[in-house]
Amino acid sequence: MRETQAPWPARDGLRITSVRAIVTAPEGLPLVVVRVDTNDPGLYGLGCATFTQRFHAVVAAVDQHVAPMLIGRHPADIEDITRMVHLSSYWRGGPVLNSALSGVDQALWDIAGKRAGMPVYELLGGRVRAAADTYLHAAGPNVGATLEHAQQILADGYRHVRLQVGGPGLGTYGAAGTPNAYPNSPYPDGWDVQQYLRDTPKLFAAAREALGEEPNLCHDVHHRLTVKQAIGLARALEPYRLFFLEDPIPLELYDRLPEVRAAAPMPLAVGEQVASVADAARLVHGGGVDIIRLHVSAIGGLTPARKIVAMCELMGVGTAWHAPADVSPVGAAANVALDVTSPAFTIQEGHLWPDPVREVFPGTLDPRNGYLYPNDAPGWGIDLDETAAAKYPPITHLHERWAARVRRPDGGIEAP
């Protein structure tokens, strides 16, 4: 494909010269980052395109389909470029194409910050807070181990912690389960929803006893309950004053979220599986969510996320961007830029990056006393060492191997 020109006169000679996807797995999970280079020596941008379960597809979308459209364009035309890429596939959207778009979009914002000599958060209007309050995940094979982990997190200065406990079966979410839990069942390693509904209130009763009244406690259901089950669980957890209950019902039942929210005594945090900015907007506007939990790459990057933030501000909905180990440090920096520039911010999911990740991504954000501060360097303030990245090649089908084993005791497959 020949160089693409905008339908208006060029301002200067700056042009995009190459676009490519880079995959690395320094913590075991494949991370996808897009690098956009320009004809200004040393001026390039990085953006997170991580869809870790389908990274090969994202790489193909970037390298084979998106990159040729951008060669020759001016990197400042972010809105036009991202709209062009979004519309170009005709059947648009979805996590693969949106992740590819996100990588380009965030890389262009990185370039914009470097050209201006400013961090991206200043390009978004500047800070309304100094840093983003952050929560970490506490997990263990039993209640005691989970609470011990939570106490360690709180001792490090965090005020918010998500609690998940292992239980019978291999399908427990967020903590290791117990194999061969149902030896008389067709699938002995199964996960039993009734067992989960009995055990979860016990976890939080023990948490309040051990941790006290001050910590803000969260829990992720991970989309596994019916509407009635979700309402029952929310009511059972009422005495323990959760900061939020996350993703209580499947994505396919989101039209019934207002029903769950009306009956739940705690805020609902929902949306990490949403892969369309239009669906995200409907979720915010539909009255079924208190805190939106989007994976920024899955909706197309910083540009659409800013528009969702504006809607949240008008609708009284908070933000808590998805950011576990399957968001790259570049994506985490984009999340924090959104956090510190919007009054809609509620809480930020955090992750403690190990040394190999910091080796690959110099400038990776490091929480201090439970807060994430944005880099003050131009752009995201994060680089990618490609020599180091090559030391950590990705492995395919890590998630799929686990997801295929998440089943009920009768053998029926369960949402992972």
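Here, residue 1 is the first one in the sequence, and each next residue gets the next number. The basis for the numbers below is simple: all heavy atoms, side chains too, and nothing from hydrogens, waters or symmetry mates.
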Would you indicate whether the side-chain heavy atoms of [Y] and [X] approach each other to under 4.5 Å?
{"X": "Leu101", "Y": "Thr82", "value": "yes"}
{"X": "Glu27", "Y": "His351", "value": "yes"}
{"X": "Arg159", "Y": "Asp133", "value": "yes"}
{"X": "Asn375", "Y": "Trp380", "value": "no"}
{"X": "Arg92", "Y": "Leu87", "value": "yes"}
{"X": "Tyr254", "Y": "Arg282", "value": "no"}
{"X": "Ile81", "Y": "Leu108", "value": "yes"}
{"X": "Ile16", "Y": "Asp37", "value": "no"}

Polar side-chain atom of [X] near backbone of [Y] as donor-acceptor pair, under 3.5 Å:
{"X": "Thr364", "Y": "Phe361", "answer": "yes"}
{"X": "Asp247", "Y": "Gly271", "answer": "yes"}
{"X": "Asp383", "Y": "Pro362", "answer": "no"}
{"X": "Arg293", "Y": "Ala320", "answer": "yes"}
{"X": "Ser276", "Y": "Asp279", "answer": "yes"}
{"X": "Asn216", "Y": "Phe243", "answer": "no"}
{"X": "Ser185", "Y": "Pro188", "answer": "no"}
{"X": "Gln348", "Y": "Leu372", "answer": "no"}

Would you check if there is a donor-acceptor pair between the side chains of [Y] and [X] at a distance under 3.5 Å?
{"X": "Glu79", "Y": "Thr303", "result": "no"}
{"X": "Glu349", "Y": "His137", "result": "yes"}
{"X": "Tyr182", "Y": "Asp410", "result": "no"}
{"X": "Asp199", "Y": "Gln195", "result": "yes"}

Quiz item: Can you check salt bridge (Lys or Arg N to Asp or Glu O under 4.0 Å) on Glu246 and Arg224, steps first, answer last?
Solution: CA-CA 11 Å; Glu246 183 178 349; Arg224 292 189 178 182; over 6 Å; no
Exercise. For the pair Val406 and Trp402, evaluate side chain to side chain contact (heavy atoms under 4.5 Å, CB included) and give the outcome as yes or no after the intermediate values.
Key: CA-CA 7 Å; Val406 180; Trp402 172 70; 3.6 Å; yes
Exercise. Any chance you could lay out the side chain to side chain contact (heavy atoms under 4.5 Å, CB included) test for Leu242 and Tyr240, step after step, and finish with the verdict?
Key: CA-CA 6 Å; Leu242 269 64; Tyr240 314 116; 4.2 Å; yes
If you measure from [atom1] on [X] to [atom2] on [Y], what distance do you get to the nearest 0.5 Å?
{"X": "Leu314", "Y": "His285", "atom1": "CG", "atom2": "NE2", "result": "10.0 Å"}
{"X": "Ile291", "Y": "Ile347", "atom1": "CD1", "atom2": "CD1", "result": "8.5 Å"}
{"X": "Thr134", "Y": "Asp339", "atom1": "OG1", "atom2": "CG", "result": "7.5 Å"}
{"X": "Asn142", "Y": "Glu148", "atom1": "CG", "atom2": "CD", "result": "9.5 Å"}
{"X": "Asn180", "Y": "Tyr187", "atom1": "CG", "atom2": "OH", "result": "11.0 Å"}
{"X": "Ile413", "Y": "Arg407", "atom1": "CD1", "atom2": "CZ", "result": "4.5 Å"}

Self-check item: Arg20 and Asp63 ion-paired at < 4.0 Å
Solution: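 No.
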Exercise. Inspect the contact between Glu238 and Arg235 and indicate whether a charged nitrogen and a carboxylate oxygen are less than 4.0 angstrom apart.
Key: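 Answer for the salt bridge query: no.
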Shortest non-hydrogen separation from [X] to [Y] and the atoms involved:
{"X": "Glu313", "Y": "Ser342", "answer": "OE2-OG, 2.7 Å"}
{"X": "Ala280", "Y": "Val274", "answer": "N-CG1, 3.7 Å"}
{"X": "Ala230", "Y": "Val260", "answer": "CB-CG1, 4.2 Å"}
{"X": "Ile299", "Y": "Ile308", "answer": "CD1-CG1, 4.5 Å"}
{"X": "Gly167", "Y": "Thr172", "answer": "N-CG2, 3.4 Å"}
{"X": "Cys312", "Y": "Gly318", "answer": "SG-O, 4.4 Å"}

Self-check item: Selection residues 87-113 - residue pairs positive for ring-ring contact (aromatic ring centres under 6.0 Å, His included), sequence neighbours left out
Solution: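 Pairs touching residues 87-113 that pass the test: none.
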Exercise. Please collect all ring-ring contact (aromatic ring centres under 6.0 Å, His included) contacts where either partner lies in residues 314-349, sequence neighbours excluded, each pair once.
Key: His295-His322
Self-check item: Partner residues of Pro179 under the side chain to side chain contact (heavy atoms under 4.5 Å, CB included) criterion, sequence neighbours left out
Solution: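 Result, side chain to side chain contact (heavy atoms under 4.5 Å, CB included) vs Pro179: Leu170, Asp189.
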Side-chain polar contacts of residues 45-62 - donor-acceptor pairs under 3.5 angstrom, sequence neighbours left out - could you list them?
unit_1 : atom_1 : unit_2 : atom_2 : d
Thr50  : OG1    : Val32  : N      : 3.0
Thr50  : OG1    : Val32  : O      : 3.2
Thr52  : OG1    : Pro30  : O      : 2.9
Arg54  : NH1    : Glu400 : OE2    : 2.5
His56  : NE2    : Thr396 : OG1    : 2.9

Practice problem: Enumerate the residue pairs fulfilling salt bridge (Lys or Arg N to Asp or Glu O under 4.0 Å) with a member in residues 207-216, sequence neighbours excluded, ordered by first and then second residue. | Solution: Glu213-Arg241
Exercise. Evaluate the criterion side chain to side chain contact (heavy atoms under 4.5 Å, CB included) for residue pair Arg35 and Val19; output intermediate values, then yes/no.
Key: CA-CA 6 Å; Arg35 174 167 167 153; Val19 179; over 6 Å; no
Quiz item: Where do Leu237 and Leu245 land on the side chain to side chain contact (heavy atoms under 4.5 Å, CB included) test, with the steps shown first?
Solution: CA-CA 9 Å; Leu237 293 173; Leu245 184 65; 4.1 Å; yes
Self-check item: Plane angle bin for Tyr135 and Phe244 - parallel if under 30°, tilted between 30 and 60°, otherwise perpendicular
Solution: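 Rings of Phe244 and Tyr135: perpendicular, over 60°.
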Sequence neighbours excluded and cut-off under 3.5 Å, please list the side-chain donor-acceptor pairs for residues 388-395, or say none.
unit_1 : atom_1 : unit_2 : atom_2 : d
Lys391 : NZ     : Glu359 : OE2    : 2.6
Tyr392 : OH     : Glu359 : OE1    : 2.8

Quiz item: Is the cationic atom of Arg368 (NZ for Lys, CZ for Arg) positioned less than 6.0 Å from the six-membered ring centroid of Tyr373 and within 45 degrees of its normal?
Solution: yes
Quiz item: Is the count of non-hydrogen atoms from other residues, nucleotides or ligands lying under 6.0 Å from Asn369 atom CG greater than 12?
Solution: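 Count not over threshold, so no.
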